[in-house]
Amino acid sequence: MRVRFAPSPTGYIHIGNVRTAIINYLIARKNGASLVLRIEDTDMERSTKESERSIMDDLTWLGIEWNEGPDVGGGCGPYRQSERFGIYNEYTERLLREGKAYHCYCTQQELDAMRQDAEKQNRTFTYPGKCRHLSTEEKQKFEAEGRKPTVRFHVPEGETVTIRDHIKGSVTFSSENIGGDFIIVRSDGTPIYNYIVIIDDALMKISHVIRGEDHLSNTPKQILVARALDLPVPEYAHLSLVLGPDRSKLSKRHGITSLNMYREEGYLPEALINYLGMLGWASESGDEIIPIKEIISQIDITNLAKSAAIFDFQKLKWMNGKHLRELPIGRATDLFAPFIARAGYDISSLDRKYLEQLVSVVQIKCDILSDIGRLAGIFLDDVPSPDSETEVMLTTEEGNIMLKAARELVSGEINENNFATDFIPRIKETTNLKGKKLFMPLRAMITGRLQGPELDQALPLIGYHRCKKRIDQYSAAYTR
RNA sequence: GUCCCCGUCGUCUAGGGGUCGAGGACACCGGGUUUUCAUCCCGGCAACAGGGGUUCGAAUCCCCUCGGGGAUGCCA
């Protein structure tokens, strides 16, 4: 078995393609197969090297490794389609020579007009084959006009193509319904996707093509090309699409759809793989949070869902939180640290031990790494400015009692040495508050928030001096 | 329009003729643990698109309708 992932480098990698990549990777690992990365950059207008770079970066970040590709090489290269034009040209020559393809001089405008006519008459547009039997004179006339021809594939009549798809089952198309002779080479000489995928899949010895369902309708065109060229046809598995909340194919307009945005917000590769791997697939046990290893051992090309799935942002977030909370403290600290820095704190001045303690106290509160941004200030700001709910809390009767009692303690019997152990018990005694009535105002007074880490764990990390400062300033601002 | 795919709680899904008066998860709502918000635990809400068959028996098989999606590009 050999599989491939073949992105088009026209932007950041999109969540839907990420899922295709993940499934290919998972299936490859399960079967000990090679994964080929092929860059489909025949659209010179839209393809960029930067996109190619970012796609490879993102895949690497996800932990997806390919065995062959433009960067690592392999026996079936080159792996960029733009570097394979010579190969395609030979096939095109052959099709032309054998009368299985022909030059077409119809212009964009002429084609648009035909298409509009068809639409007006409520018919399907099928290219009528106008240029199929042009005489030499006619061709010369067009050439003299400066027309640059495209190459069209001559679709054989009355042919039937049946795809045995591992996911969709048996799907049959008739050659009458694929829209007539289609263009395989643009007038600028560059070939078109539907023509060369099948060539590359054959040449790269791909045994199983696992790709999005949006390619299913075009598969018969590709198979017809393979037949004309005597090329082997791979096995197929067409993955159901990932949809946005409005049920249409997930795209930019649905908001956060490119992988690098998830990466920047602090999603974990293992959570993304877990979630995307389980969109359209379920584990035997029904467990939702499962390690990649386990997905690999259970997933199969035939047990993927046939129906499309809406991308549930909330569930991904929940799942990420689950993975995040299970992270060992060392790795968690490594991952969180850059996000603390990004929130504007100088982490180089903090020692590792302190950072680890901070992370371990706050880890449980986070679903994504960037959540630590709004929590870090609790430890690292001198006096965080309270939000409006907290201000209200500090102004209540309990809030005022709390502030007064704390102020007295902190400038009296409580000092640097007994702060961590004695402060909360003494506050409790002097205010005579307990439970929620004790902890909510206490939390407000110490952290400037109503939500946050466990106070008894946070206190020693914030330290006596900062707490005193906060108590003093909040007292001045909120007590009567 | 035409061709193709799909249709179980709001969402992701389990189920593949009887064990399903439909199970799990997210979300939501209650309750519990935690001297605190959260985590965690327990409970609740909520679905077989509709109609015909086949069968002793249908969520499961067949047909039609409806609904959704994709393709129909000198994009991939």
Side-chain angles (χ1 to χ4, degrees), chain A residues 6-10 17 40-43 45-47 81 104 106-108 111-112 115 118-119 121-126 148-152 163 165 167-169 171-174 176-180 182-194 197 211-221 238 240-241 243 245 247-249 275 278-289 305-319 321-322 325 363-366 424-425 428 433-444 447 449-456:
Chain A
S8 183
T10 55
N17 292 128
E40 309 219 314
D41 55 352
T42 58
D43 187 343
E45 307 254 298
R46 297 196 300 148
S47 298
Q81 291 186 325
C104 171
C106 297
T107 62
Q108 203 83 253
L111 290 168
D112 287 347
R115 237 177 236 116
E119 200 165 317
Q121 293 170 44
N122 236 336
R123 294 186 347 251
T124 319
F125 171 72
T126 300
K148 294 266 180 258
T150 58
V151 179
R152 281 188 189 268
I163 301 158
D165 190 280
I167 295 169
K168 302 291 182 182
V171 184
T172 301
F173 295 84
S174 151
E176 320 310 310
N177 286 323
I178 64 179
F182 52 90
I183 293 172
I184 56 177
V185 180
R186 299 178 180 91
S187 51
D188 68 1
T190 59
I192 277 190
Y193 169 80
N194 276 319
V197 244
R211 66 193 348 175
E213 190 186 349
D214 46 347
H215 292 284
L216 183 58
S217 314
N218 283 325
T219 306
K221 290 182 186 168
H238 283 96
S240 52
L241 260 20
L243 270 27
R247 301 209 130 269
S248 72
K249 189 160 82 164
Y275 178 72
M278 292 191 78
L279 206 57
W281 177 76
S283 69
E284 288 157 18
S285 61
D287 290 346
E288 309 263 337
I289 307 298
K306 297 170 119 175
S307 52
I310 292 173
F311 185 77
D312 186 346
F313 183 84
Q314 242 175 165
K315 189 159 182 176
L316 201 216
K317 196 165 184 178
W318 163 79
M319 197 172 268
K322 286 289 223 183
R325 276 168 231 123
Q363 190 176 8
I364 196 171
K365 302 290 300 184
C366 297
I424 294 179
K428 186 181 177 187
L433 295 167
K434 56 181 182 180
K436 201 177 237 175
K437 292 222 182 294
L438 169 66
F439 274 85
M440 287 317 281
L442 185 59
R443 176 181 294 287
T447 69
R449 316 281 153 87
L450 258 26
Q451 298 197 337
E454 291 288 322
L455 279 177
D456 53 344

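Reminder, nothing fancy here: chain letters follow the sequence lines and each chain counts from 1.
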K.L.:
Work out how far the C1' atom of A59(B) is from that of U19(B), and round it to whole angstrom.
P.N.:
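Here A59(B) and U19(B) have their C1' atoms 15 Å from each other.
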K.L.:
Ignoring hydrogens and angles, does a donor from either the side chain of Lys315(A) or the base of A25(B) sit under 3.5 Å from an acceptor on the other?
P.N.:
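Under the 3.5 Å cut-off, the side chain and the base do form a donor-acceptor pair.
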K.L.:
In the structure shown, which nucleotide is the Watson-Crick or G-U wobble counterpart of A49(B), with both distances under 3.5 Å?
P.N.:
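Pair assignment: A49(B) / U65(B).
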K.L.:
Strictly by Watson-Crick or wobble contacts shorter than 3.5 Å, is anything paired with C3(B), and which nucleotide is it?
P.N.:
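G70(B) is the nucleotide pairing with C3(B).
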K.L.:
Is any side-chain heavy atom of Asn218(A) less than 4.5 Å from a side-chain heavy atom of Phe173(A)?
P.N.:
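Contact flag for Asn218(A)/Phe173(A) side chains = no.
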K.L.:
Can you see if the side chain of Asn177(A) gets near the phosphate of C4(B) - specifically, an N or O under 4.0 Å from OP1 or OP2?
P.N.:
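For Asn177(A), the contact criterion (side-chain N or O under 4.0 Å from OP1 or OP2 of C4(B)) is not met.
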K.L.:
Considering only atom P, compute the distance from G15(B) to U54(B) and round it to an integer number of Å.
P.N.:
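That atom pair is separated by 29 Å.
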K.L.:
Figure out the CE/P separation between Met319(A) and C12(B), and round it to whole Å.
P.N.:
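Going from Met319(A) (CE) to C12(B) (P), I get 14 Å.
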K.L.:
Rounded to whole angstrom, note down the C1' distance from C5(B) over to C9(B).
P.N.:
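About 24 Å, rounded to a whole number of Å.
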K.L.:
With respect to the side chain of Leu241(A), which nucleotide from G69(B), A71(B), C74(B) is positioned closest?
P.N.:
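Shortest atom-to-atom distance from the side chain points to G69(B).
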K.L.:
What does Asn218(A) touch in the nucleic acid at a heavy-atom separation under 4.0 angstrom: a base, only the sugar-phosphate, or nothing?
P.N.:
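Base contact - Asn218(A) has a heavy atom under 4.0 Å of at least one base atom.
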K.L.:
Reading RNA chain B from 5' onward, which residue's closest nucleotide shows up sooner: Arg325(A) or Ser240(A)?
P.N.:
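It is Ser240(A) whose nearest nucleotide is closer to the 5' end.
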K.L.:
Can you see if the side chain of Arg186(A) gets near the phosphate of A76(B) - specifically, an N or O under 4.0 Å from OP1 or OP2?
P.N.:
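The answer is yes; a side-chain N or O of Arg186(A) sits under 4.0 Å from OP1 or OP2.
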K.L.:
Using the P atoms only, state how far C12(B) lies from A27(B), rounded to an integer number of Å.
P.N.:
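A27(B) and C12(B) have their P atoms separated by 15 Å.
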K.L.:
Within the structure shown, what part of the strands sits under 4.0 Å from Arg46(A) by heavy-atom distance: base, sugar-phosphate, or nothing?
P.N.:
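If one applies the 4.0 Å heavy-atom cut-off, Arg46(A) turns out to touch a base.
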K.L.:
Report the distance from atom CG of Asp214(A) to atom P of G68(B), rounded to the nearest whole Å.
P.N.:
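Rounding to the nearest Å, CG of Asp214(A) and P of G68(B) are 20 Å apart.
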K.L.:
Using the P atom in both, what is the distance from C20(B) to G52(B), to the nearest Å?
P.N.:
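Those two atoms are separated by 26 Å.
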K.L.:
Please report the distance, rounded to the nearest Å, between CD1 in Ile310(A) and P in A27(B).
P.N.:
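Spelled out: CD1 on Ile310(A) to P on A27(B) is 17 Å.
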K.L.:
Checking all strands, does Thr172(A) fall into the base, sugar-phosphate, or nothing category for heavy-atom contacts under 4.0 angstrom?
P.N.:
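The answer is sugar-phosphate, as Thr172(A) gets under 4.0 Å only of primed atoms, P, OP1 or OP2.
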K.L.:
Contact class for Leu279(A) (heavy atom, under 4.0 Å): base, sugar-phosphate, or nothing?
P.N.:
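Sugar-phosphate, backbone atoms only, no base.
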K.L.:
Would you find more than 12 non-hydrogen atoms of other residues, nucleotides or ligands less than 6.0 Å from Gln121(A) atom CD?
P.N.:
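Counting other residues, nucleotides and ligands, CD of Gln121(A) exceeds 12 neighbours.
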K.L.:
Whether Thr42(A) contacts A76(B) is assessed here as follows: a side-chain N or O lying under 4.0 Å from the phosphate OP1 or OP2. Is that the case?
P.N.:
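It does, given that an N or O in the side chain of Thr42(A) lies less than 4.0 Å from OP1 or OP2 of A76(B).
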K.L.:
Base, sugar-phosphate alone, or nothing: which one does Phe173(A) contact when heavy atoms must sit under 4.0 Å apart?
P.N.:
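If one applies the 4.0 Å heavy-atom cut-off, Phe173(A) turns out to touch the sugar-phosphate alone, with no base involved.
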K.L.:
Identify which nucleotide among G70(B), A76(B), A25(B) has an atom closest to any side-chain atom of Trp318(A), counting heavy atoms from C-beta outward.
P.N.:
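Nearest to the side-chain atoms of Trp318(A), counting from C-beta on, is A25(B).
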K.L.:
Looking at every strand, decide which applies to Gln314(A) at a 4.0 Å heavy-atom threshold: base, sugar-phosphate, or nothing.
P.N.:
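Gln314(A): backbone/sugar contact only, no base atoms under 4.0 Å.
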K.L.:
Kindly say whether, by distance alone, the side chain of Ser248(A) makes a donor-acceptor pair under 3.5 Å with the base of G69(B)?
P.N.:
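For Ser248(A), whose side chain was compared with the base of G69(B), there is no donor-acceptor pair (under 3.5 Å).
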K.L.:
Quick check on RNA chain B: between Gly280(A) and Leu316(A), whose nearest nucleotide comes earlier from the 5' end?
P.N.:
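Closer to the 5' end of RNA chain B: Gly280(A).
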K.L.:
Just checking Glu288(A): base, sugar-phosphate only, or nothing, at a heavy-atom cut-off of under 4.0 Å?
P.N.:
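Counting heavy atoms under 4.0 Å across all strands, the contact made by Glu288(A) includes a base.
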K.L.:
Could you tell me the Watson-Crick or G-U partner of A14(B), where both distances fall under 3.5 Å? Say none if there is no partner.
P.N.:
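Paired with A14(B), as far as the under-3.5 Å criterion goes, is no nucleotide at all.
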K.L.:
If the P atom of G21(B) is compared with that of G32(B), how far apart are they to the nearest Å?
P.N.:
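Pairwise P distance, G21(B) against G32(B), rounds to 34 Å.
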K.L.:
So do Lys437(A) and Met440(A) actually touch side chain to side chain, heavy atoms under 4.5 Å?
P.N.:
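No, their side chains stay 4.5 Å or more apart.
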K.L.:
Do Thr219(A) and His238(A) have side chains that get closer than 4.5 Å, going by heavy atoms?
P.N.:
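Thr219(A) reaches His238(A) side chain to side chain.
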K.L.:
For C48(B) versus G31(B), give the span between their P atoms, rounded off to a whole number of Å.
P.N.:
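C48(B) and G31(B) have their P atoms separated by 30 Å.
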K.L.:
Counting the atoms with a prime plus P, OP1 and OP2 as sugar-phosphate, which does Gly179(A) contact under 4.0 Å by heavy atoms, base, sugar-phosphate, or nothing?
P.N.:
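Nothing: the residue Gly179(A), judged by heavy atoms under 4.0 Å, touches no strand.
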K.L.:
NZ of Lys306(A) versus P of U60(B): gap in Å, rounded?
P.N.:
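Roughly 14 Å, once rounded to whole Å.
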K.L.:
If the condition is side chain to side chain donor-acceptor pair (under 3.5 Å), which residues does Arg115(A) pass it with, not counting sequence neighbours?
P.N.:
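Per chain and number, Arg115(A) pairs via side chain to side chain donor-acceptor pair (under 3.5 Å) with no residue.
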K.L.:
So which nucleotide from U2(B), C75(B), G70(B) ends up closest to the side chain of Ile192(A)?
P.N.:
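Between U2(B), C75(B), G70(B), the one nearest the side chain of Ile192(A) would be C75(B).
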K.L.:
Report the base-pairing partner of C29(B) (Watson-Crick or G-U wobble, both distances below 3.5 angstrom), or none.
P.N.:
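Result: G43(B).
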K.L.:
What is the distance, to the nearest angstrom, from the NZ atom on Lys322(A) to the P atom on C41(B)?
P.N.:
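Whole-Å distance recorded here is 6 Å.
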K.L.:
N/O contacts under 3.5 Å, protein versus nucleotides 30-35 of chain B?
P.N.:
residue	atom	partner	partner atom	Å
U35(B)	O2'	Gly435(A)	N	2.6

K.L.:
Using whole Å, what does the distance between atom C1' of nucleotide G67(B) and atom CZ of Arg247(A) come to?
P.N.:
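One finds 10 Å between C1' of G67(B) and CZ of Arg247(A), rounded.
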K.L.:
Among the candidates U13(B), C75(B), G70(B), find the nucleotide nearest to the side-chain atoms of Lys249(A).
P.N.:
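That would be G70(B).
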K.L.:
Using only atom types and a distance under 3.5 Å, with no angle test, would you say the side chain of Tyr275(A) pairs donor to acceptor with the backbone of Asp312(A)?
P.N.:
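Yes, the answer is positive, given that a donor and an acceptor are paired below the 3.5 Å cut-off.
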K.L.:
Can you check whether any acceptor in the base of G70(B) is under 3.5 Å from a donor in the side chain of Ser217(A), or vice versa?
P.N.:
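Result: at least one qualifying N/O pair found.
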K.L.:
Who passes side chain to side chain donor-acceptor pair (under 3.5 Å) against Trp281(A), sequence neighbours left out?
P.N.:
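Applying side chain to side chain donor-acceptor pair (under 3.5 Å) to Trp281(A) gives Asn303(A).
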K.L.:
Looking across every strand, which nucleic acid part, if any, lies under 4.0 Å from Leu455(A) by heavy atom: base, sugar-phosphate, or nothing?
P.N.:
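Base contact.
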K.L.:
If you look at every strand shown and take non-hydrogen atoms under 4.0 Å, does Cys366(A) touch a base, only sugar-phosphate, or nothing?
P.N.:
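Touches nothing.
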K.L.:
Is the shortest side-chain heavy-atom distance between Ile192(A) and Arg186(A) below 4.5 Å?
P.N.:
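They are in contact (side-chain heavy atoms under 4.5 Å apart), so the answer is yes.
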K.L.:
So, are Glu288(A) and Lys315(A) salt-bridged, with charged N and O less than 4.0 Å apart?
P.N.:
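Salt bridge present between Glu288(A) and Lys315(A).
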K.L.:
Provide, to the nearest angstrom, the distance between the OH atom belonging to Tyr275(A) and the P atom belonging to C26(B).
P.N.:
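Computing the Tyr275(A):OH to C26(B):P distance gives 13 Å.
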K.L.:
Return no unless some side-chain N or O of Lys221(A) is found under 4.0 Å from OP1 or OP2 of U72(B).
P.N.:
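No, Lys221(A) has no side-chain N/O under 4.0 Å of OP1/OP2 on U72(B).
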K.L.:
Nearest to the side chain of Lys365(A), which nucleotide is it out of G73(B), A14(B), C37(B)?
P.N.:
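Closest nucleotide to the Lys365(A) side chain: C37(B).
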K.L.:
Could you tell me which non-hydrogen atom of Glu40(A) sits nearest to which non-hydrogen atom of Pro9(A), and how far apart they are?
P.N.:
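Scanning both residues completely, I find the closest heavy atoms to be O-CD, 3.4 Å.
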K.L.:
When only distance counts, do a donor and an acceptor, one from the side chain of Ser187(A) and one from the base of C74(B), lie under 3.5 Å apart?
P.N.:
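Answer yes: a donor N or O sits under 3.5 Å from an acceptor.
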K.L.:
Please give me the minimum heavy-atom distance between Ser240(A) and Ala305(A), naming the atom from each residue.
P.N.:
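Answer, listing the atom of Ser240(A) first, then Ala305(A): OG-O, 3.4 Å.
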K.L.:
Distance between the P atoms of C26(B) and C40(B), in whole angstroms?
P.N.:
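Straight-line distance between the two P atoms is 9 Å.
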K.L.:
Taking only side-chain nitrogens and oxygens of Arg123(A), does any of them come within less than 4.0 Å of OP1 or OP2 of U2(B)?
P.N.:
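For Arg123(A), the contact criterion (side-chain N or O under 4.0 Å from OP1 or OP2 of U2(B)) is not met.
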K.L.:
Report the distance from atom NE2 of His215(A) to atom C1' of C3(B), rounded to the nearest whole Å.
P.N.:
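Result: 18 Å.
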K.L.:
What nucleic acid atoms does Gly212(A) come within less than 4.0 Å of, heavy atoms only: base, sugar-phosphate, or nothing?
P.N.:
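The residue Gly212(A) makes no contact with any strand.
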K.L.:
If we ignore hydrogens and angles and just use 3.5 Å, is the side chain of Lys365(A) paired with the main-chain N or O of Gly452(A) as donor and acceptor?
P.N.:
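Yes, because the side chain of Lys365(A) sits within donor-acceptor range (under 3.5 Å) of the backbone of Gly452(A).
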